[in-house]
Every structure is written in C-alpha cells, then in structure tokens.
Amino acid sequence: MKKTFLVLLLFPILLLSQELKSPNGDFSMLFELKDGKPTYQLNLKGNPIIKPSTLGFELVDMPSLLSDFEIKNTSTSTFDETWEPLWGEQAKIRNHYNELLVELSQKSSDRLLHIRFRLFDDGLGFRYEFPQQPNLTYFVIKEEKSQFALTGDHKTFWIPGDYDTQEYNYTTSKLSEIAGLMEDAITPNASQTPFSKNGIQTALMLKTDNGTYINIHEAALIEYACMHLEVNPDTFVLESHLTPDVQGNKGYMQVPRATPWRTVIASKNAGDILLSSITLNLNEPTTYEDTSWIKPVKYIGVWWEMITGKSSWSYTDVPSVQLGKTDFSKSTPNGTHAANNEKVKRYIDFAAEHGFSQVLVEGWNEGWEDYWFGKSKDFVFDFLTPYPDFDVTMLRDYAKSKGVQLMMHHETSGSVRNYERFMDKAYQFMVDNNYNSVKSGYVGNIIPRGETHYGQWMVNHYLYAVEKAAEYKIMVNAHEAVRPTGLSRTYPNLIGNESARGTEYEAFGGNTPDHTTILPFTRLIGGPMDYTPGIFVMDMSKLNPGNKSWVNSTIARQLALYVTMYSPLQMAADLPEHYEQHLDAFQFIKDVAIDWDTSLVLEAEPGDYVTYARKEKGGNNWFVGRSNDEEPRTSKIDFSFLDKGKTYIAIVYSDASNAHYRNNPQAYNIKKYRVTSKSKLTQACAPGGGYAISIMEPKDKNETKGLKRL
Ligand code: NOJ
Ligand code: CA
C-alpha cells in the first residue's frame with residue numbers, strides 16, 4: 001500500500017522533466033512539460049545556449065498540438081558508430097549521441113506526439129514523430145512552432161527569409177537590427193522577395209557576446225517544407241516558419257511520419273562548427289547497393305562566357321515558333337551561340353590536356369529563346385533536342401576518344417511538371433550518350449504557378465529527381481533547389497547543389513568580399529556547394545564590354561576556394577584562354593584533390609577569414625586554403641598536421657604584397673619550400689585575398705635540394 005502510494009506520487013514528478021547529457025558531458029539538455037507545454041533548453045558547459053523554448057504545431061481545421069500534454073513515457077539510449085561516407089571531408093565519421101524519446105499524449109484529444117532528442121558532443125538534434133494512432137491520421141500543418149530562445153542580441157550572419165531564393169549576400173548585424181536592414185539586404189534587379197521584416201533563412205550562424213558560436217539548421221528535409229526562422233527582436237526568440245504552398249498550408253501529413261531534424265551546433269571554437277557532422281549523422285545510411293558509379297568530379301564548362309554575357313545559350317535571337325516545331329536549321333544563328341561543335345571540342349581538348357574528367361555544356365538544347373522571352377511557358381525544354389550546331393554523337397565520341405565525359409545540363413525553367421514528364425526519356429538519353437552527371441536548374445517562377453522553390457511540393461520533386469537519377473546511375477547537381485540538409489548520406493548521387501549566391505553573381509554585380517568567409521558557416525553546413533570558383537580575370541568588361549561587374553577576389557583567393565568551399569564537384573569556371581595566361585597559378589587547380597581523408601580548420605572567424613588544411617583521400621598530399629575578407633590580415637599557421645619526420649614540398653600561392661581585390665587582383669607570388677611538421681608560416685593576405693598551398697611528397701630526394709626550409 002505504502003509502496004504504491006510512493007510510486008504514484010513520484011511518477012508524475014519524475015516524468016515532468018528529463019535531463020540528457022552529451023557523451024562527453026559538455027552539453028546538457030532539459031526537457032520539461034510546463035503547464036502541459038513541451039519545452040526544452042540547452043546548455044554548453046553550464047552556460048545557456050537555448051533558454052526554455054516551446055515545441056508543437058498549429059493545424060488546419062483541427063485543434064493545435066501545443067499544450068494540454070501529458071507524458072506517457074520517456075526512454076533514453078546511447079548510440080556510437082563510425083561510418084565511411086562515399087565522398088566527403090573526412091574518410092570516417094563518428095556518429096555518437098545520447099538520445100531521449102519523449103512520448104506525449106494530448107489529454108483532451110487523445111492524440112500522440114513523440115519528440116526525439118539526440119545530443120552529440122557538438123550539439124543537438126530533435127524532431128517530431130507522429131506515430132500510428134486512432135485519433136490522428138491525416139492532417140495539414142498550419143505552422144510548426146519550434147522555438148529557439150536565444151540568450152541575447154547575438155551577432156548574426158543572415159540572409160532574408162524567402163520562399164524562392166537563397167541567392168543573397170549576407171548581412172552581419174545584431175538580431176534586433178534585422179528588420180531595419182531588410183530592405184538593404186536585397187540586390188536591386190534580382191527576384192528576391194523577403195516574406196517578412198524579421199524572417200531569415202537557415203543555416204543561420206550566430207555569435208554571442210561572450211564568444212560562443214551557434215548554428216541553427218535542419219537535417220533530412222524529406223516530404224516537408226523548408227524551415228525559415230522568424231526573429232522576435234525584443235525577446236530574441238526565433239521561431240520556425242515553414243514555407244507555405246499556394247493555399248498557405250505548410251505540410252500535408254499522414255501518420256506515421258517524422259519531421260526533419262532541427263539542429264543546434266554550438267562551440268567556443270568557430271572551427272568546431274565547420275567540422276561538425278551532425279547534419280550528416282542525422283540522415284539515414286544509404287541503401288544504394290552499387291555505388292561504384294558515384295565519383296567526385298573536377299570539371300570545366302562552356303558556361304562562364306554565357307554568364308558574363310560574352311556568348312549566348314540560345315542559337316537565335318528570336319523566340320521559337322514552338323518547341324519541337326521550329327526548324328532551327330532554317331533560323332538565322334545569332335553568331336554568339338557558345339555550345340557549338342568547334343567550341344565544345346576546344347573545351348574537351350583543354351580538359352584532356354589538363355586532367356579534368358568532365359566538360360559541362362550549357363545551351364546545347366533547344367528552348368533558350370523561349371526561356372528568356374516567355375518566362376512562364378510550361379513547355380520550354382524537352383531535354384532531348386540539340387541545336388543544329390551541337391552534334392551529340394560526334395561530341396560524345398570525340399570526348400570518349402580523349403578520355404573525357406560531357407556533363408549534361410537540364411534547365412527546367414521552373415517548369416517542373418514538364419521536367420517530370422520528360423525525366424525518364426532525358427535520363428535515358430544521357431545513358432545512351434555517355435553522360436553520367438547532370439547539372440539541373442530551376443530558374444524562374446515554379447510551374448504549377450503558386451508553388452515555390454522551398455515548399456513541400458518542390459522538396460518532393462528535388463528528391464524524386466535524385467532517386468530517379470539513381471535508377472539510371474546518374475549524379476545530380478541541382479541549382480536553385482532547396483538548400484541541402486545532409487541528404488547526400490542517404491542519396492550519395494546528390495553530389496552538388498547551388499542554393500546560395502555563387503560565383504555567377506560576381507558577373508551580375510558582385511559578391512561581398514567576405515562572402516566566402518561566411519558560406520562555410522551557413523550554406524555549407526547542409527552540404528557541398530557548386531560554387532564554381534577559379535576566376536582569373538576579374539574585370540567583366542574584358543569579356544563583355546557591356547558588363548561593368550567585377551569579381552571581388554584576388555587570384556590567390558580563387559585558388560583557396562578549392563579547399564575552403566568543400567565540394568566533391570569542383571569546377572574551374574574561367575575560360576581556357578584565361579588559364580593559359582596563368583598556367584603557373586592554374587597548376588594548383590590541377591593538383592588539388594576533391595575527396596578528403598581528413599579536414600582540419602586552422603583559423604576561422606565568420607565574416608573575417610577561414611583557413612583549412614585537408615589531406616587527400618588515398619594519398620599523402622595536403623592542401624591548405626585561406627579565404628580573407630576585405631581587410632588586410634596576417635595568417636599564422638603551423639604544419640604540425642604533417643607526418644612527423646617526413647619532408648614535403650610546399651608550393652605557396654599567395655597574394656603579392658601590393659595585391660588588392662579591387663585594383664590589383666592578379667598579383668600573386670608562387671614560392672616553393674621544404675616543410676616538415678615543425679614548419680610555421682606567417683603569410684600576409686590582401687583585402688579580398690587569401691592563399692593556397694599544395695603540400696606534396698617529393699618524388700625523390702633531389703626535388704627538395706636547394707629549397708628554402710619553412
Ligand atoms: C542559373 C544557374 O545558377 C547557372 O549556373 C546557369 O548557367 C543558369 N541558371 C542557366 O541555367
Ligand atoms: Ca543560380
């Protein structure tokens with residue numbers, strides 16, 4: 001009798017809150033049911049990172065799932081595994097966490113909601129799960145109400161919340177200043193439409209006044225709308241804001257289902273944020289049985305000349321009659337069509353000569369006349385019909401004879417049902433013509449009209465395209481798609497995404513000089529970016545007199561980006577003739593690896609600089625890259641990451657002392673040294689500059705003779 005009473009008394013008290021610690025004990029998380037509302041808070045070494053924050057949902061035409069809960073059960077577990085990604089920044093990734101599963105029931109409705117928390121040594125992931133149950137089967141989400149109550153008015157690296165684009169420069173400000181800066185965050189002439197004064201995108205990077213770095217993002221975005229954050233400028237509470245569909249609804253759900261993970265990475269050390277594997281670890285292992293066809297790619301492309309306006313994608317300058325019905329061989333060519341047989345052969349030759357495995361060719365297929373003129377036509381491209389001056393079979397065979405492959409380009413023009421209609425044929429066409437990778441694109445308003453790039457419907461499409469591609473053994477690099485959330489663990493043929501402001505904007509008005517010191521902390525937290533670096537001629541009017549844009553970077557920093565902007569897909573984006581003017585600097589792009597055994601962060605401060613050292617997979621060479629903001633800075637690194645007792649040759653590609661991104665971007669030095677694990681380097685970096693180093697094992701002793709020691 002007495003025993004039962006004690007249990008009854010203790011039971012509710014015990015279960016109203018539950019603490020969870022990270023494996024090394026640095027993080028602690030507390031789950032509490034406060035007045036029937038689920039809340040969590042997160043501490044790092046005893047200091048609050050997230051103050052008590054509520055969780056739940058508003059539903060359409062149904063009572064919300066926000067309060068009136070009781071705890072049915074809680075359980076904890078531990079998980080520890082080390083897995084090997086097919087490609088990545090590390091050859092081995094440890095997935096080690098403590099887990100808390102809270103099973104809630106809403107008293108008035110008898111509906112069940114589970115919340116699963118995973119606490120890693122680098123941060124927290126949590127998600128909602130709707131188990132099979134009698135009282136909740138289908139429902140529509142009005143809004144997810146996940147809060148992240150921050151502890152103060154942190155420094156924030158943000159881009160406006162937008163349902164259709166992430167192609168913004170970053171703004172750095174306090175949380176409370178966001179609304180006042182929202183207008184300035186927009187690039188004139190770009191189709192950027194912030195959805196509110198205080199809405200911002202993830203991955204969001206923050207820094208507290210006491211020097212703690214915090215990153216908020218999501219993992220495993222599947223069959224769900226992309227999450228934005230709404231900032232309360234007075235309380236510093238951030239709240240989830242899902243991308244709506246045309247009716248304003250945010251998600252159509254059928255149980256059993258789980259949401260994507262919400263992630264909070266935090267550390268006193270900025271480098272820990274960059275090296276966190278939380279996003280990948282919260283995705284499921286791949287179920288692909290054969291992955292032999294998935295390989296990192298270094299490529300060049302018939303591309304930059306169109307981006308700069310030197311050449312055109314289209315064959316003529318007049319709109320076609322109708323796709324499939326225009327006889328293009330009878331049209332007058334505009335004389336600037338880049339994707340022609342002769343030009344493509346020249347690119348193939350260049351790729352073969354310099355060791356690039358693929359050549360992207362954009363503008364090879366009919367439809368570009370309508371793409372530019374009739375922005376909203378459903379049927380613009382069929383992904384099958386080449387222009388008359390692009391001979392698919394001849395170029396396929398020519399490339400093959402040179403040991404090179406062409407990379408396919410599918411610009412959907414946002415006409416997504418049209419793409420889905422042609423997808424099987426388009427992928428089969430690729431297989432038949434020896435293409436194994438596609439760059440896809442979603443420029444313009446989404447058709448069906450009213451859908452947006454980041455809503456649930458489009459999120460489903462992007463994954464459909466990747467899964468379907470896998471059936472044909474095709475790798476996908478999708479531009480303008482939703483930003484990545486670690487899905488490449490499950491779908492390793494998703495080898496690239498753009499989903500941020502890439503190098504193309506250097507030809508459309510420019511990227512801020514600190515852009516590449518922020519992207520690793522934001523966009524790259526979710527996965528690799530096809531940033532397309534390697535521009536050597538910064539004055540765009542040299543390519544197209546009408547283009548007044550300027551690439552805000554030195555050449556040395558363009559080289560560094562191959563190391564600092566991790567991607568298994570790296571482009572040398574400039575024109576072959578520009579590389580031919582600087583073959584000594586180009587050598588770094590040829591040498592640099594694209595798949596890594598180990599990655600280290602040597603120096604990092606978001607918005608100021610990042611310096612990485614990476615060891616290539618399957619070899620002993622190391623590569624170092626440093627990207628600098630608009631300030632002149634001095635980088636100090638040591639080489640203690642090298643094998644002890646070994647001598648290497650380091651080639652340092654740095655800014656010349658008078659280099660500057662605005663007025664002297666092409667001034668660089670190339671110096672060769674002997675280095676060991678005891679070497680140190682103090683290197684000046686120009687405004688908008690940086691440096692790159694290749695560290696290679698000498699082939700024989702003579703190679704290091706006479707070289708200065710660092
Ligand atoms: C935008 C993409 O980012 C760019 O790389 C591509 O060339 C154009 N769309 C045309 O598809
Ligand atoms: Ca783009």
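For ligands, and for the atoms within them, numbers begin at 1 and follow the listed sequence. In this text the structure is predicted, and so the values were computed from the model without any measurement.
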Under a 4.0 angstrom heavy-atom cut-off, which atoms of ligand 1 come close to [X]?
X      : result
Val443 : 1 (C), 9 (N)
Glu411 : 9 (N), 10 (C), 11 (O)
His409 : 11 (O)
Trp303 : 4 (C), 5 (O), 6 (C), 7 (O)
Glu498 : 3 (O)
Lys439 : 4 (C), 5 (O), 6 (C), 7 (O)
Trp313 : 7 (O), 10 (C)

If you have a sec, read the angle at the Ca ion (ligand 2) from Glu480 atom OE2 over to Glu167 atom OE2, to 10 degrees.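 An angle of 100° at the metal.
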May I have the angle between Glu504 OE2 and Glu498 OE1 with its vertex at the Ca ion (ligand 2), rounded to 10°?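 Vertex at the Ca ion (ligand 2): approximately 120°.
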Check whether Asn497 reaches the backbone of Ala481 with its side chain - one donor and one acceptor, N or O, closer than 3.5 Å.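 Pair absent, no side-chain N/O of Asn497 close to backbone of Ala481.
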I'd like to know if the side chain of Asn547 and the backbone of Ala507 have a donor-acceptor N/O pair within less than 3.5 Å.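 Yes, the answer is positive, given that a donor and an acceptor are paired below the 3.5 Å cut-off.
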For atom 6 (C) of ligand 1, which candidate among Arg501, Met306, Glu362, His479 provides the closest heavy atom?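 It is Glu362 whose heavy atom sits nearest to atom 6 (C) of ligand 1.
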Please confirm whether Tyr371 comes within less than 3.5 Å of ligand 1 when only nitrogen or oxygen atoms on both sides are compared.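 No, there is no polar N/O contact under 3.5 Å.
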Under 3.5 Å between some N or O of ligand 1 and some N or O of Glu504?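 By distance alone, the answer is yes.
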Quick test of your reading of the model: are [X] and [Y] salt-bridged, counting only N-O distances below 4.0 Å?
X      : Y      : answer
Arg523 : Glu498 : no
Lys468 : Glu471 : yes
Glu506 : Arg501 : no
Asp349 : Lys402 : yes

Does the side chain of Arg346 come within less than 4.5 Å of Glu577's, by heavy atoms?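 Glu577 vs Arg346: side chains touch.
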Where's the contact between Trp368 and ligand 1, heavy-atom distance under 4.0 Å: side chain, backbone, both or neither?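 Looking at Trp368 and ligand 1, just side chain atoms fall under 4.0 Å.
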Applying the side-chain hydrogen bond (donor to acceptor under 3.5 Å, both in side chains) criterion to Thr202, which one of Gln166, Glu218, Arg483 satisfies it?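 Running side-chain hydrogen bond (donor to acceptor under 3.5 Å, both in side chains) over Gln166, Glu218, Arg483 with Thr202 returns exactly one hit, Arg483.
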Please state whether the rings of Trp368 and His409 are parallel, tilted or perpendicular, taking 30° and 60° as the class boundaries.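 Parallel, since the angle between the ring planes stays under 30°.
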